[in-house]
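Notes follow the structure.
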Amino acid sequence: EDIAFNNSGDQLYVLGRATSTIYAYDLASPFVLEGASQTEQLSIASVAPTPKGIRFNSDGTNLFIIGASNDEIVTLSLSIPYDISSAEDTNQNFGFAAQETSPTGFVFDPSGTKLIVIGTSGSSAVHAYTLNPFPFKEQAANDGSVNGRMIVSLRGNETFTSAGSTFIAGTEYTINN
């Protein structure tokens, strides 16, 4: 369903949607598929049962997976850059089900602060998000809280209700941990 490369182009990652598996291949020459040899595979069925796309961050220490059934981007941490055998679920995902329930792909800008999700539902097929920082970093307490902040952009006369509070477009809010 999707492919990704490491920065040097000598490793290829192929997403198998039907199997919910990412396959890693070594390439003899950068971006040349001839002679590719599979080195490892990673089942992602438990975190993204219907995956649609994969992306790495710029240094290969995070792998992002967009799922169609869970309407979110799952973040896996890689302790060894671009080595999918070192993947661990961060449990820090970015959900967008309110805007898109049938995602088909995504991309980050080079800084990692803007996310574009494309899909086939909702009022628009393309959805843009400003993220600061992304992915969120969990505090040492390992209690699910995060360091940093998230900016939610509401346009026009949009509102968002959460935990009994209503957020109104054009108003800045601070949410503390």
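All of these numbers come straight from a predicted model, not from anything done at the bench.
Rounded to the nearest 0.5 angstrom, Asp89 CG and Leu63 CG are separated by 11.0 Å. Rounding to the nearest 0.5 Å gives a distance of 7.0 Å between CG of Leu33 and CD1 of Ile3. Atoms OG1 and CG, on Thr61 and Asp83 in that order, are 12.5 Å from each other to the nearest 0.5 Å. Going from atom CD1 of Ile65 over to atom CD1 of Ile73 covers 10.5 Å, rounded to the nearest 0.5 Å. For the atom pair CD1 of Ile118 and OG1 of Thr104, the computed distance is 5.0 Å after rounding to the nearest 0.5 Å.
For Ser58, the side-chain hydrogen bond (donor to acceptor under 3.5 Å, both in side chains) test picks out no residue, with sequence neighbours left out. Scanning for side-chain hydrogen bond (donor to acceptor under 3.5 Å, both in side chains) contacts around Thr21 gives Thr19, with sequence neighbours left out.
Note on residues 42-53: pairs passing salt bridge (charged side-chain N to carboxylate O under 4.0 Å, His left out), not counting sequence neighbours, are Glu1-Lys52. Residue pairs meeting the side-chain hydrogen bond (donor to acceptor under 3.5 Å, both in side chains) criterion with at least one partner in residues 31-40, sequence neighbours excluded, are Gln38-Gln41, Glu40-Ser85. Pairs passing the salt bridge (charged side-chain N to carboxylate O under 4.0 Å, His left out) check and including a residue from residues 57-79, sequence neighbours excluded, do not occur.
Put simply, the side chain of Ser102 never gets that close to the backbone of Thr120: no donor and acceptor are under 3.5 Å apart. Side-chain N or O atoms of Ser86 include one that pairs as donor or acceptor with a backbone N or O of Ser79 at under 3.5 Å. For Thr75 (side chain) and Thr90 (main-chain N/O), no donor-acceptor pair under 3.5 Å exists by modelled atom type.
Contact between Ser20 and Pro49 at its shortest, heavy atoms only, is OG-O, 2.8 Å.
Note: the hydrophobic cluster containing Phe5 also contains Tyr23 (ILVMFWY, side chain heavy atoms under 4.5 Å, direct or indirect links). Cluster annotation: Val47 and Leu78 are assigned to the same hydrophobic cluster (Ile/Leu/Val/Met/Phe/Trp/Tyr, side-chain heavy-atom contacts under 4.5 Å, transitive). Phe56 and Leu76 fall within a single hydrophobic cluster, where Ile, Leu, Val, Met, Phe, Trp and Tyr are joined by side-chain heavy atoms under 4.5 Å apart, directly or via other members.
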* Output, in order, the C-alpha distance, side-chain angles, deciding distance and verdict of side-chain contact (heavy atoms from CB on, under 4.5 Å) for Val74 and Ile44. => CA-CA 10 Å; Val74 174; Ile44 55 172; over 6 Å; no
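Using a 4.5 Å heavy-atom cutoff, the side chains of Phe96 and Leu115 are not in contact. Looking only at side-chain heavy atoms (C-beta outward), Ser77 and Asn62 come within less than 4.5 Å of each other. No side-chain heavy atom of Leu27 sits under 4.5 Å from any side-chain heavy atom of Val32.
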What donor-acceptor contacts under 3.5 angstrom involve side-chain atoms of residues 9-16, with partners at least two apart or in another chain?
unit_1: Asp10; atom_1: OD1; unit_2: Asn6; atom_2: ND2; d: 2.7
unit_1: Asp10; atom_1: OD1; unit_2: Ser8; atom_2: OG; d: 2.8
unit_1: Gln11; atom_1: OE1; unit_2: Asn6; atom_2: ND2; d: 3.1
unit_1: Gln11; atom_1: OE1; unit_2: Tyr13; atom_2: OH; d: 2.9
unit_1: Tyr13; atom_1: OH; unit_2: Tyr82; atom_2: O; d: 2.5

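A salt bridge does not link Asp2 with Arg17: none of the charged nitrogens is closer than 4.0 Å to a carboxylate oxygen.
Side chain to side chain, His127 and Gln99 fail the donor-acceptor criterion of an N or O pair below 3.5 Å.
Centroid-to-centroid, the aromatic rings of Phe106 and Phe64 stay 6.0 Å apart or farther.
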